[in-house]
Structure formats: C-alpha cells, structure tokens
Amino acid sequence: MPFVRTLTMLKQTLFLLCFVLVLKAASAQRYKNILFKDITIDKDQTYYPDAPKDEKKAYLFDLYQPAGDQERGRPLIIWMHGGGFKFGSKRAKRVKTWSKTFAQRGYVCVSINYRLSKHNPLFHFDELMKSSFYAVQDAKRAVAYFRENAAKYGIDPDQIILGGNSAGGFMALDAVYSRNEDFGQMANIPDADVSNSGMPNQPVYAIINYWGGIYSLEWLKNSKTPIISVHGSKDGLVPITHKTAPLHGSLDIKNKADELHIPNTLKIYEGYSHELQKHFNPLYEGASAKKRWLEAAQFTADYLYEMMQTGKFGG
C-alpha cells in the first residue's frame with residue numbers, strides 16, 4: 001500500500017505545516033493585540049541606586065511584565081506621568097492603565113517617578129521650564145539604566161520607547177530631541193548647573209506623546225526618532241497648536257516632523273480637551289475618557305507593530 005502510506009504522510013505534513021502557520025500568525029500579533037491575561041507588577045524598584053537619600057523616592061519605578069512570559073529581547077516602554085511637573089506619581093491612573101495593557105500585549109513596561117518642582121510651575125512659565133529640564137534628565141537617566149541592565153529585565157536595549165501624557169509627553173519629546181545646552185539656556189539655568197546635572201542623550205526607538213508638546217520646534221532637527229502623538233483638538237491646557245510662546249503642541253510637531261521627514265503619526269480627537277476629556281477635570285476622568293485612553297493605546301500599538309514588523313512607518 002505505498003500509495004496509502006504516501007497519502008498519509010502528505011496529510012501529516014500538511015497538518016504540521018498548517019499548525020506552524022497558525023503558531024506564526026498568533027505569534028505575529030504579539031505587541032499589537034492583548035494576548036496575555038495576567039501580568040506581574042514589581043513595585044518600588046530604583047533606576048538610580050546612588051540617588052541622594054532625600055531624593056530616593058523620586059527615582060522609583062514599578063515594573064510590569066506578562067505573567068509566565070519566556071520571551072527575551074522584548075521592547076520596553078518607559079511611562080512618565082502627567083501633573084504639570086508638580087503633582088503625580090508612577091501610580092497615576094493613566095500610566096497604570098497603559099503599563100498594564102501594553103504588558104498584556106507582550107511588552108515590558110516601567111512607570112517611573114521623577115523629580116517634581118518644589119515651587120509653582122503651573123502658574124510661572126520660567127519655573128515650568130526649569131522643572132522640565134531636571135525631569136528630562138531623570139528620563140535620560142532611566143533610559144541609560146535600562147540599556148545597561150537590559151539582560152536583567154529581558155529587554156532589547158535598542159527597542160526602548162519613551163512615553164507619557166501631558167508633562168510626561170513633554171519629557172519624552174525633550175529627552176530625545178533637546179540638547180542640554182539649548183534647553184538650559186532657554187530655562188535660564190546656569191551653565192555650571194547644566195554641566196553638572198545634564199545627562200547625555202540616549203538612543204530611543206520611538207516616542208509616545210499623549211497630549212504633550214515641545215518647547216522648540218527647532219529641536220526636531222536633532223534626531224529622526226519616530227513620534228506617535230494623540231491630542232484633543234480643544235485642549236486648552238496644552239493647545240494642539242501654539243504660536244505665541246515656546247510651547248508647541250502635537251499638530252505643530254507633526255507639521256514640522258513632516259517637513260523634516262521624521263516618521264510620525266497623529267490621532268486627533270475632535271472636540272475633546274486635555275486628557276481626552278470633554279471638559280478637563282484633573283480630579284475625575286470618567287469611564288468615557290478611559291475608553292479613549294485605551295483607543296489611544298491601540299492606535300499606538302498598531303504603529304509600533306508596523307515599525308517592528310516591516311521597518312516602515314505609517315501615518
């Protein structure tokens with residue numbers, strides 16, 4: 001019965017081939033769709049072990065990973081909370097939501113604390129600039145720490161992504177695109193302080209900017225790092241476009257990035273304000289706003305997935 005044996009072997013081969021293709025298709029959706037039901041969270045670790053005693057809390061992070069994941073060389077997202085450089089922490093609702101859902105997609109995520117202003121940056125622009133400068137140094141320090149400790153966390157040091165909302169979005173953009181000397185001069189920080197406290201820029205795979213901005217569009221000439229932005233068209237706190245102060249929102253950034261051929265994409269929520277709320281309220285976000293945060297996350301995951309799979313950029 002050679003024919004029967006040959007037919008049986010052919011069926012087995014086709015079955016194995018189909019099985020492999022199914023596994024590959026499922027694996028290919030990692031980083032795009034939610035695949036992991038459970039995650040682990042390791043709280044209150046530090047990305048600056050030698051921090052001064054009175055600043056140790058400012059350098060803590062929470063680590064989010066898919067439970068039971070054996071993959072190595074995973075992309076890392078460093079999330080930075082909002083709060084006007086005065087308020088907030090690594091346990092803010094927004095960054096916790098994104099850290100959890102991106103970990104469920106297979107990413108490693110960390111939500112970090114950073115130094116907050118002891119003054120009043122919300123009503124004094126010069127203080128906002130100064131507090132931004134020092135917060136950006138902390139973001140650069142975090143990137144440097146995770147690049148150095150990539151093997152410990154099972155991450156790819158060349159796929160570290162900086163992301164944040166509001167102040168955290170500013171940090172992500174400025175940490176990559178600004179240079180310490182230019183930022184320090186704009187913020188009126190003495191040259192000696194810039195030299196002593198400035199951290200070198202670190203290579204970053206991509207930037208996630210949720211309703212943040214950048215202080216100078218000219219800084220965009222300093223890199224070609226892809227930018228993913230989400231912003232409400234009626235944002236009154238960080239306007240989507242702003243021409244009268246050293247503060248430029250996501251539409252300004254997109255227009256300049258397009259001019260400079262920087263890979264980028266922008267999702268605009270028409271009629272929505274800061275934090276994608278209908279009317280911004282820092283004390284209560286509502287279920288509808290959280291739904292839009294999750295939509296923003298999927299928009300981001302889709303773009304990052306395209307980067308990883310093809311090396312091409314949409315948007």
Next on the checklist: Using salt bridge (charged side-chain N to carboxylate O under 4.0 Å, His left out), reason through E218 and K256 one step at a time and then give a plain yes or no.
Outcome noted: CA-CA 9 Å; E218 292 303 306; K256 188 67 174 181; 3.7 Å; yes

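- A salt bridge links D258 to K254: at least one charged side-chain nitrogen sits closer than 4.0 Å to a carboxylate oxygen.
- Of the charged side-chain nitrogens involved, none lies within less than 4.0 Å of a carboxylate oxygen, so that R292 and E295 do not count as a salt-bridged pair.
- A donor-acceptor pair under 3.5 Å links the side-chain atoms of Q104 to the main chain of K37, judged by distance alone.
- Between A135 and Y114, the shortest heavy-atom distance links the atoms CB-CD1, 3.7 Å.
- For the atom pair R94 CZ and S166 OG, the distance stands at 9.0 Å (nearest 0.5 Å).
- Judged by the 6.0 Å and 45° rule, R141 forms a cation-pi pair with Y48.
- Around the CD atom of E148, the shell of radius 6.0 Å holds no more than 12 heavy atoms that belong to other residues, nucleotides or ligands.
- A donor-acceptor contact shorter than 3.5 Å is absent between the side chain of N149 and the backbone of K152.
- By the rule that hydrophobic residues join a cluster once side-chain heavy atoms approach within less than 4.5 Å of another member, Y303 and I34 end up as members of separate clusters.
- Because its NZ or CZ atom is both nearer than 6.0 Å to the ring centre of Y269 and within 45° of the ring axis, K267 counts as a cation-pi partner of that residue.
- In this structure, the side chains of D138 and M80 stay at 4.5 Å or more apart for every pair of heavy atoms.
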Checklist entry - Under the side chain to side chain donor-acceptor pair (under 3.5 Å) criterion, do S273 and H279 qualify, and how do the steps go? => result CA-CA 6 Å; S273 184; H279 304 285; over 6 Å; no

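- The six-membered or imidazole ring of F146 lies near that of F61, with a centre-to-centre distance under 6.0 Å.
- Y47 has its ring centre less than 6.0 Å from the ring centre of Y59.
- Between the CD1 atom in I77 and the CD1 atom in I155 there is a gap of 11.5 Å [rounded to 0.5 Å].
- Looking at V204 and I161, their side chains never come closer than 4.5 Å, going by heavy atoms from C-beta outward.
- For the pair Q277 (side chain) and N281 (backbone), a donor-acceptor distance under 3.5 Å is present.
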Next on the checklist: Checking Y215 against S132 for the side chain to side chain donor-acceptor pair (under 3.5 Å) test, could you report, in this order, the C-alpha distance in whole Å, the side-chain angles of both residues, the deciding distance, and whether it holds?
Outcome noted: CA-CA 10 Å; Y215 294 112; S132 297; 2.6 Å; yes

Next on the checklist: Go through it in stages, so that I can follow the logic: the residues are K100 and T97, the test is side-chain contact (heavy atoms from CB on, under 4.5 Å), and I'd like the CA-CA distance, side-chain angles, deciding distance and then a yes or no.
Outcome noted: CA-CA 5 Å; K100 289 177 180 178; T97 295; over 6 Å; no

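- Counting heavy atoms from C-beta outward, Q137 and N180 have side chains that approach closer than 4.5 Å.
- In this structure, L122 and L128 have side chains that are not in contact, with every pair of non-hydrogen atoms separated by 4.5 Å or more.
- Counting only distance, with no hydrogens or angles, the side chain of N196 and the backbone of A192 share a donor-acceptor pair below 3.5 Å.
- Across every non-hydrogen atom of M186 and S216, the tightest pair is CE-CB, 4.0 Å.
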Next on the checklist: Please determine whether side chain to side chain donor-acceptor pair (under 3.5 Å) holds for the pair D302 and Q298, giving the CA-CA distance in whole Å, both sets of side-chain angles, and the decisive distance to 0.1 Å.
Outcome noted: CA-CA 6 Å; D302 290 344; Q298 189 62 61; 2.9 Å; yes

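- Nearest heavy-atom pair across I240 and G232 is CB-O, 4.1 Å.
- A distance of 6.0 Å or more separates the ring centres of F102 and Y31.
- Both Y153 and V143 are members of a single hydrophobic cluster when ILVMFWY side chains are connected at heavy-atom separations under 4.5 Å.
- At a threshold of 4.5 Å between non-hydrogen side-chain atoms, the residues M308 and Y205 count as touching.
- Residues L63 and L60 do not share a hydrophobic cluster, defined by chaining ILVMFWY side chains whose heavy atoms lie under 4.5 Å apart.
- Two different hydrophobic clusters hold F87 and V136 under the rule that ILVMFWY side chains link at heavy-atom gaps under 4.5 Å.
- Between V95 and H81 there is a side-chain heavy-atom pair separated by less than 4.5 Å.
- Of all heavy-atom pairs spanning N188 and K130, the tightest one is O-CE, 4.1 Å.
- Checked for salt-bridge contact, R179 and D174 miss the test: no charged N lies under 4.0 Å from a carboxylate O.
- Note: N113 CG to K57 NZ = 7.5 Å, rounded to the nearest 0.5 Å.
- In this structure, L76 and V110 have side chains that are in contact, with non-hydrogen atoms separated by less than 4.5 Å.
- When hydrophobic clusters are built by joining Ile, Leu, Val, Met, Phe, Trp and Tyr residues whose side-chain heavy atoms come closer than 4.5 Å, directly or via intermediates, V194 is grouped together with V176.
- Contact between S117 and E127 at its shortest, heavy atoms only, is OG-OE2, 3.0 Å.
- The NZ atom of K32 sits 11.0 Å away from atom CG of L304, with the distance rounded to the nearest 0.5 Å.
- Closest approach of A103 and I39 over heavy atoms only: CB-CG2, 3.8 Å.
- Using modelled atom types, one side-chain atom of W293 and one backbone atom of E275 make a donor-acceptor pair closer than 3.5 Å.
- To the nearest 0.5 Å, atoms OG (S229) and CG (L173) are separated by 6.0 Å.
- With salt bridges taken as basic N to acidic carboxylate O contacts below 4.0 Å, one links D62 and K90.
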Next on the checklist: Between K86 and N120, does the side chain to side chain donor-acceptor pair (under 3.5 Å) criterion hold? Intermediate values first, please.
Outcome noted: CA-CA 7 Å; K86 178 66 177 178; N120 194 347; over 6 Å; no

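- Remark: R105 is not positioned above the aromatic ring of Y107, lacking an NZ or CZ atom under 6.0 angstrom from the ring centre and at most 45 degrees off the axis.
- At a threshold of 4.5 Å between non-hydrogen side-chain atoms, the residues W79 and N165 do not count as touching.
- Note: H231 NE2 to I253 CD1 = 8.5 Å, rounded to the nearest 0.5 Å.
- For K93 and E285, the salt-bridge test passes: some basic side-chain N is under 4.0 Å from an acidic carboxylate O.
- In this structure, F183 has its ring center closer than 6.0 angstrom to the ring center of W219.
- For the pair K278 and Y272, the cation-pi criterion (under 6.0 Å, within 45° of the ring axis) is fulfilled.
- For the 3.5 Å distance criterion, the side chains of S178 and N222 fail to qualify, holding no donor opposite an acceptor.
- Residues D156 and R74 are not paired through a salt bridge, judged by the lack of any N-O separation under 4.0 Å between the basic side chain and the carboxylate.
- Enclosure of atom CG in D54 by more than 12 non-hydrogen atoms of other residues, nucleotides or ligands within 6.0 angstrom is indicated.
- Heavy atoms from other residues, nucleotides or ligands lying under 6.0 Å from NZ of K56 number more than 12.
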